[in-house]
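Reading through the structure tokens given below for one structure.
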Amino acid sequence: MNRGPVVAIAKGRIQEELLPLWSQAGFPWPLTDGSRQLWFEPGRDRPGAIIVRGPDVPVLVAQGVADLGVVGRDLLIEYPEWDILEVGELPVARCRVVLAGRTPQPPDGPFRVASKYRRITRNFLRQKQWLAEIVPLSGSLELAPLVGLAPYIVDIVETGRTLREHHLVEIETILFSSAEVIANPAHWRAKEAVVEVADRLLKVGKEELRA
Ligand code: PRP
């Protein structure tokens with residue numbers, strides 16, 4: 001590898017959990033050093049990184065600004081419009097997208113549900129043949145039932161702590177998610193180093209799973 005490829009990485013949970021895998025993959029420099037740096041230049045024998053919000057990862061990869069991306073499967077399902085290759089799964093940021101409310105009983109009659117996953121929620125409602133109004137929020141979903149915005153939410157659950165702290169319970173799991181490595185299709189075909197970085201990350205991911 002000479003000048004390494006560029007990897008777009010979802011800010012937050014994925015970025016934090018990817019760090020050990022990144023080092024194990026032999027990439028010789030830390031992804032974060034506690035700073036708020038968002039752009040790490042690629043160098044000789046090391047990939048570069050761009051730290052962006054999850055939904056922006058497939059945008060950067062599709063545009064070819066990044067060769068590879070690491071993003072949650074949940075977001076790939078929510079934003080399927082980008083021309084990217086799904087290369088493989090990493091044992092990072094494992095979570096579920098769930099419907100939650102104050103009691104474990106499913107809604108009875110038309111209801112309001114807050115979510116940042118509008119497409120996933122819409123498809124879920126359609127499949128259930130439930131009538132509901134989706135209230136679009138971009139975060140802090142657990143607040144919606146507390147402040148009377150919507151009695152139900154569709155959100156990510158990892159440990160379940162956030163739901164518990166807001167006196168909410170799961171009603172149904174909609175989908176399972178973990179981090180996925182994605183690639184720009186043209187760069188994947190044309191640049192050997194891009195395949196090599198992805199392979200190294202996926203390999204340490206598999207080893208981690210076996211450990
Ligand atoms: C997600 C989600 C919950 C929390 C669930 O938020 O929206 O708030 O994680 O995790 P838990 O089950 O381990 O408590 P995140 O911190 O990813 O940020 P967000 O609010 O921007 O989605």
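For ligands, and for the atoms within them, numbers begin at 1 and follow the listed sequence.
Looking from atom 2 (C) of ligand 1 to the surrounding protein, the closest heavy atom is D155 OD2, 3.4 Å. For atom 14 (O) of ligand 1, the closest heavy atom belonging to the protein is T162 OG1, 2.4 Å. Protein heavy atom nearest atom 10 (O) of ligand 1, with residue, atom name and distance: R13 NH2, 3.5 Å. Ranking protein heavy atoms by distance to atom 20 (O) of ligand 1, first place goes to S140 N, 4.0 Å.
A salt bridge between R119 and E78 is absent, with no side-chain N of the basic residue lying under 4.0 Å from a carboxylate O of the acidic one.
The closest approach between any non-hydrogen atom of E142 and ligand 1 is below 4.0 Å. Heavy-atom separations between K116 and ligand 1 include at least one value shorter than 4.0 Å.
Put simply, CD on E86 and CG on L76 are 5.0 Å apart, with the number rounded to the nearest 0.5 Å. To the nearest 0.5 Å, the span separating OG1 on T173 from CZ on R96 amounts to 4.0 Å. I153 CD1 to T121 OG1: the interatomic distance, rounded to the nearest 0.5 Å, is 10.5 Å. Going from atom CH2 of W82 over to atom CG of L60 covers 10.0 Å, rounded to the nearest 0.5 Å.
For ligand 1, the atoms sitting less than 4.0 Å from at least one non-hydrogen atom of R161 are 12 (O), 14 (O), numbered in the order shown with element in parentheses. The atoms of ligand 1 that sit less than 4.0 Å from any heavy atom of V157 are 12 (O). Each of the atoms 11 (P), 12 (O), 13 (O), 14 (O) of ligand 1 lies under 4.0 Å from some heavy atom of T159.
Closer than 4.0 Å to atom 16 (O) of ligand 1 lies at least one heavy atom of the protein.
Within 6.0 Å of atom CD in E81, more than 12 heavy atoms from other residues, nucleotides or ligands are found, so the atom counts as buried in its surroundings.
Two residues are said to be in side-chain contact when any heavy atoms from C-beta on lie closer than 4.5 Å; Y152 and I171 meet this criterion. Residues V6 and W39 have side chains in contact (heavy-atom distance under 4.5 Å, counting atoms from C-beta outward).
Polar contact with ligand 1: present for G160 (N/O pair, distance under 3.5 Å).
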